[in-house]
There are 2 protein chains.
Amino acid sequence: MSNSKRSYGQFCGVSRALDVVGERWTLLVVRELIMGPRRYKDLADTLSGIGTNLLAARLRDLEAQGLIGRRKLPPPAGSTVYELTAFGRELEPIVFALGRWGRKLLAPELGDQIFNGRWLLFALKANFIAAQARGVREIYELRIGDEATVHAEVRDGNLEVREGPAEEPDLVVDAPLEVLLALTRGETTPAKERKAGRLVQQGSREAFERFWTIFDGAGLPRGASSSAVARA
Amino acid sequence: MSNSKRSYGQFCGVSRALDVVGERWTLLVVRELIMGPRRYKDLADTLSGIGTNLLAARLRDLEAQGLIGRRKLPPPAGSTVYELTAFGRELEPIVFALGRWGRKLLAPELGDQIFNGRWLLFALKANFIAAQARGVREIYELRIGDEATVHAEVRDGNLEVREGPAEEPDLVVDAPLEVLLALTRGETTPAKERKAGRLVQQGSREAFERFWTIFDGAGLPRGASSSAVARA
DNA sequence: CGGAATCCTCTTCGATACTG
DNA sequence: CAGTATCGAAGAGGATTCCG
């Protein structure tokens, strides 16, 4: 029973929002669902450490608040999946912005933190700059060693990301996570990393440069990413 | 000792951000400081229910993370104030967006919730649409019964908000909180409320309409406010 | 096997009291 | 005024068990 519904009791949009999504794990559940519907088990696996009871409670509360819905997949799958409602999806820009802000807090190395390919998809979506993608029609494939392979399809300001390799990528970038991070921070250069054999790149130099620009990479001044969250 | 620093242990910007600002009360402390520097006592008073030890812990952690700084005011005041650092200020758009999203969750009546004029200032800042304010140079004064009086100075896409009455307002709007809310929701009209004596307005009808448009009032379709958080 | 409820321990929160 | 100290209550985390 998580019906205690502790509230800040303040008449303010921020505190009301935090009454609903401010508890531990809640926004991470939302983050997972931004990448598409997921089963209970998927969430429990990815959100390692959440504890099965707490996940159940969060899902129940989110559903009660109208942020997520549960749907039964048609046979033969037949499993239940959770997905964001339209109202829940309105949190997307907020979660994206949190992700961009949190970029600066990422450790330079993976260390003992967990990581998975879907978070890379999320990062691509969160750091996508539509204005930079105008007129571009390319497919970028990203490989983090053998931990993850994803690809992003850019079509004139629109973005679609998927797990797995692309069929006809215009660019393939393959590098360990640490190298990619150092690049986004401007602490190293592609040329240097290529020479050291830590970065393998298939495709034109121009496509590579577009990739970094479109996804708010090293090309932009430090901090430009998080201050770019603005109202239309 | 709040040095346990529980972390989600995920290599993802969102979870890193929540490691830092995801704990209870933390973003509300940030919200308070967005309106300017505040003393410990001010924060403790406004964030009713936080408990003094927890406030101290949050301030300590936020300072350690570089989000806020503490400064000693020059004599004769001599008191210590907390204020956002540049890094902390980068959370502004996120907190604004949370506030806009949370607007839909506000109860129709104040009830037993607490309220203060500074949150009205915050709401004005959060719902300000710069694009709508282009070419406008006006001062709006807002009175919520006798609970709060604030004013907003719009200068061609720029906004400054202050507590208290304005010196030469172009528009004065005086109404109970519930009426103002019903208006923003489109559940009533200014004409109706004026007739019922619940809304007193000094200034031209045009200024009044600009006010609503600039601050994302009833004029916009439902939901337009929260979906308007986008990347530049 | 996916989707939980239960139990138990540990940490955090909230309220009050107390101190420089 | 600006905190620290204390302590009961609530929430989180982990393991195990239960149900379909």
Side-chain angles (χ1 to χ4, degrees), chain A residues 1-10 15 18-29 32-33 37-64 68-83 114, chain B residues 1-10 15 18-29 32-33 37-64 68-83 114:
Chain A
M1 192 76 53
S2 67
N3 270 347
S4 52
K5 272 293 110 210
R6 181 164 57 164
S7 163
Y8 289 109
Q10 300 178 357
S15 41
L18 292 175
D19 281 341
V20 175
V21 298
E23 286 177 290
R24 194 160 166 77
W25 294 108
T26 304
L27 277 178
L28 295 186
V29 172
E32 291 306 312
L33 297 181
R38 310 227 69 192
R39 292 171 305 173
Y40 185 93
K41 182 64 155 49
D42 301 328
L43 294 169
D45 288 349
T46 309
L47 300 174
S48 133
I50 191 179
T52 168
N53 55 342
L54 201 48
L55 175 56
R58 293 290 181 267
L59 289 171
R60 205 183 315 118
D61 290 352
L62 283 171
E63 191 179 10
I68 68 174
R70 88 177 63 195
R71 185 165 50 95
K72 201 131 192 154
L73 290 183
S79 49
T80 310
V81 292
Y82 296 87
E83 59 190 348
I114 58 176
Chain B
M1 193 75 52
S2 67
N3 272 346
S4 51
K5 272 293 111 210
R6 181 164 55 165
S7 162
Y8 288 108
Q10 301 178 357
S15 41
L18 292 175
D19 281 342
V20 174
V21 298
E23 285 177 291
R24 195 161 164 75
W25 293 108
T26 304
L27 277 179
L28 295 185
V29 171
E32 290 306 312
L33 297 181
R38 310 225 68 190
R39 292 171 306 173
Y40 186 93
K41 181 66 155 49
D42 301 327
L43 294 169
D45 289 350
T46 309
L47 301 174
S48 136
I50 190 178
T52 168
N53 56 340
L54 202 47
L55 175 56
R58 292 291 181 267
L59 289 171
R60 204 183 317 116
D61 290 351
L62 283 172
E63 191 178 10
I68 68 174
R70 90 177 60 196
R71 185 165 49 95
K72 200 132 193 152
L73 291 183
S79 49
T80 309
V81 291
Y82 296 88
E83 59 190 349
I114 58 175

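Reminder, nothing fancy here: chain letters follow the sequence lines and each chain counts from 1.
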**Prompt:** Do Leu33(B) and Leu43(B) have side-chain heavy atoms sitting under 4.5 Å apart?
**Reply:** yes
Using OP1 and OP2 only, check whether a side-chain N or O of [X] sits under 4.0 Å from [N].
X	N	result
Arg24(A)	dG13(D)	yes
Tyr40(A)	dA5(C)	no
Arg58(A)	dA12(D)	yes
Arg38(A)	dG3(C)	no
Arg70(A)	dG3(C)	no
Arg6(B)	dC10(C)	no
Trp25(A)	dG11(D)	no

With sugar-phosphate taken as primed atoms, P, OP1 and OP2 and all else as base, the protein-contact string of nucleotides 15-20 of chain D at under 4.0 Å (heavy atoms; B, S, -) is BB----
Quick one: which of [options] gets closest to the side chain of [X]?
X	options	answer
Lys41(B)	dC1(D), dG3(D), dG3(C)	dC1(D)
Glu23(B)	dG13(D), dC13(C), dA2(D)	dC13(C)
Arg60(A)	dT4(D), dA5(C), dG2(C)	dA5(C)
Leu54(B)	dG14(C), dA4(C), dT4(D)	dG14(C)

Check the side chains of Thr52(A) and Tyr40(A) for a donor-acceptor pair under 3.5 angstrom, ignoring hydrogens and angles. yes
Validation: residues 21-28 of chain A side-chain donor-acceptor distances under 3.5 Å, sequence neighbours left out:
unit_1, atom_1, unit_2, atom_2, d
Thr26(A), OG1, Glu23(A), O, 3.3
Thr26(A), OG1, Arg58(A), NE, 3.4

Strictly distance-based, threshold 3.5 Å: is any side-chain N or O of Tyr8(B) a donor or acceptor partner for the main-chain N or O of Leu47(A)? no
